[in-house]
Protein chains: 2
Amino acid sequence: MNIGEVSQRSGLPAKTIRYYEDIGLVTPLRGANGYRRFRESDMHKLLFLARARQLGFSIEDCRDLLALWEDKGRASADVRAIAQGHLTRIEARIADLRAMQATLADLVCACAGDARPDCPILQDLARD
Amino acid sequence: MNIGEVSQRSGLPAKTIRYYEDIGLVTPLRGANGYRRFRESDMHKLLFLARARQLGFSIEDCRDLLALWEDKGRASADVRAIAQGHLTRIEARIADLRAMQATLADLVCACAGDARPDCPILQDLARD
DNA sequence: CTTGACCTTCCAGTGACGGGAAGCCCTATC
DNA sequence: GATAGGGCTTCCCGTCACTGGAAGGTCAAG
């Protein structure tokens with residue numbers, strides 16, 4: 001398979017796939033013409049990566065997850081620890097965003113949003 | 001005021017304040033020794049920026065908000081539009097994160113997390 | 001033989017800074 | 001007056017995970 005087909009089948013942009021090779025997440029073969037030649041196993045890795053990235057795992061998390069996936073003698077505890085750490089970070093991020101959302105929603109609600117200059121949003125940002 | 005005091009009073013790192021000058025958000029004066037000299041008005045701007053950034057506004061949003069703040073004849077509708085757009089993006093981001101969180105929480109819950117290799121998390125990531 | 005799609009590498013930019021080097025300035029102390 | 005220390009300056013590189021674009025090689029169809 002050339003990169004175009006892999007890109008289609010995985011949903012990952014070709015640029016991203018090349019990047020993943022650069023940083024050592026996949027190592028496709030090379031044809032005589034210099035083109036990358038992807039095996040089915042490369043395809044599987046890329047699908048795995050695409051799904052892990054969709055779940056918001058960092059590239060380094062993905063690297064570790066891939067290694068555990070390949071390691072048939074792994075302990076599921078190691079996988080769980082990565083996922084748990086990621087989940088905790090996501091929950092913290094959600095809490096932050098929800099705080100922003102609450103404040104912003106209040107402010108937007110309090111602002112008339114008309115042609116006059118008085119604006120509770122700016123007042124709040126400029127409060128002393 | 002020198003940058004150190006401004007940094008203390010605003011809570012912004014000195015590096016960040018220099019960066020804000022670089023991109024034209026504040027323009028402190030300069031002393032004969034080359035040091036930045038901040039006026040009270042610069043201080044107010046930086047506090048304004050710090051609060052807007054805490055609410056997650058992008059730098060470009062902040063630039064626009066600052067301009068509106070300075071413009072005494074502004075329409076509050078313009079401010080509200082920026083805040084509303086930002087709020088919408090935050091809500092979308094929260095929705096994304098909540099989807100990740102739900103999936104991850106399920107997977108973490110389903111994984112024994114012991115010394116054995118079988119792991120629903122990896123199974124899900126590698127599903128065909 | 002040409003066209004156009006596909007592939008290659010390399011370089012630069014994103015957002016919003018942070019780290020660190022090299023060097024000047026100011027104050028206090030000896 | 002020398003020195004030590006802290007604060008200030010600029011400059012450049014690194015972050016994260018790509019994305020865009022330029023310049024050029026390769027392949028299949030007409």
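- Nearest nucleotide to the side chain of S58(A), out of dA17(D), dA16(C), dC7(C): dA17(D).
- Classified by interplanar angle (parallel below 30°, tilted 30° to 60°, perpendicular above 60°), the ring pair F57(A)/H86(A) is tilted.
- Look at R36(B) and you won't find any side-chain N or O under 4.0 angstrom from OP1 or OP2 of dC25(C).
- Separating the CZ atom of F38(A) from the C1' atom of dT8(C) is a distance of 12 Å, rounded to the nearest angstrom.
- Between the R80(B) side chain and the A112(A) main chain, no donor and acceptor come within less than 3.5 Å of each other.
- Rounded to a whole Å, the CD atom of E60(A) is 11 Å from the C1' atom of dA17(D).
- When rounded to the nearest whole Å, the span between CD1 of I3(B) and C1' of dC17(C) equals 13 Å.
- Residue R93(A) contributes atom CZ, which lies 16 Å from atom P of dC16(D) at whole-angstrom precision.
- Across all non-hydrogen atoms, the minimal contact from R30(A) to R37(A) is O-NH1, 4.1 Å.
- Considering only side-chain N and O atoms, N33(A) lies nowhere under 4.0 angstrom from the phosphate OP1 or OP2 of dT8(C).
- Between N2(B) and R53(A), the residue whose closest nucleotide on DNA chain D is further toward the 5' end is N2(B).
- Toward the 5′ end of DNA chain C lies the nearest nucleotide of F57(B), the other residue of the pair Y35(B) and F57(B) mapping further downstream.
- Ion pairing of R127(A) with D124(A) is present here, as a side-chain N (NZ or NE/NH1/NH2) and a carboxylate O approach within less than 4.0 Å.
- Residue contacts for R30(B): at a heavy-atom cut-off of 4.0 Å it reaches the sugar-phosphate backbone alone, with no base atom in range.
- Within residues 4-23 of chain A, the residues approaching DNA chain D are P13(A), K15(A), T16(A), Y19(A), Y20(A), by heavy-atom distance under 4.0 Å.
- Within a 6.0 Å radius of CD in E70(A), other residues, nucleotides and ligands contribute more than 12 heavy atoms.
- Across all non-hydrogen atoms, the minimal contact from L12(A) to I17(A) is O-CD1, 3.8 Å.
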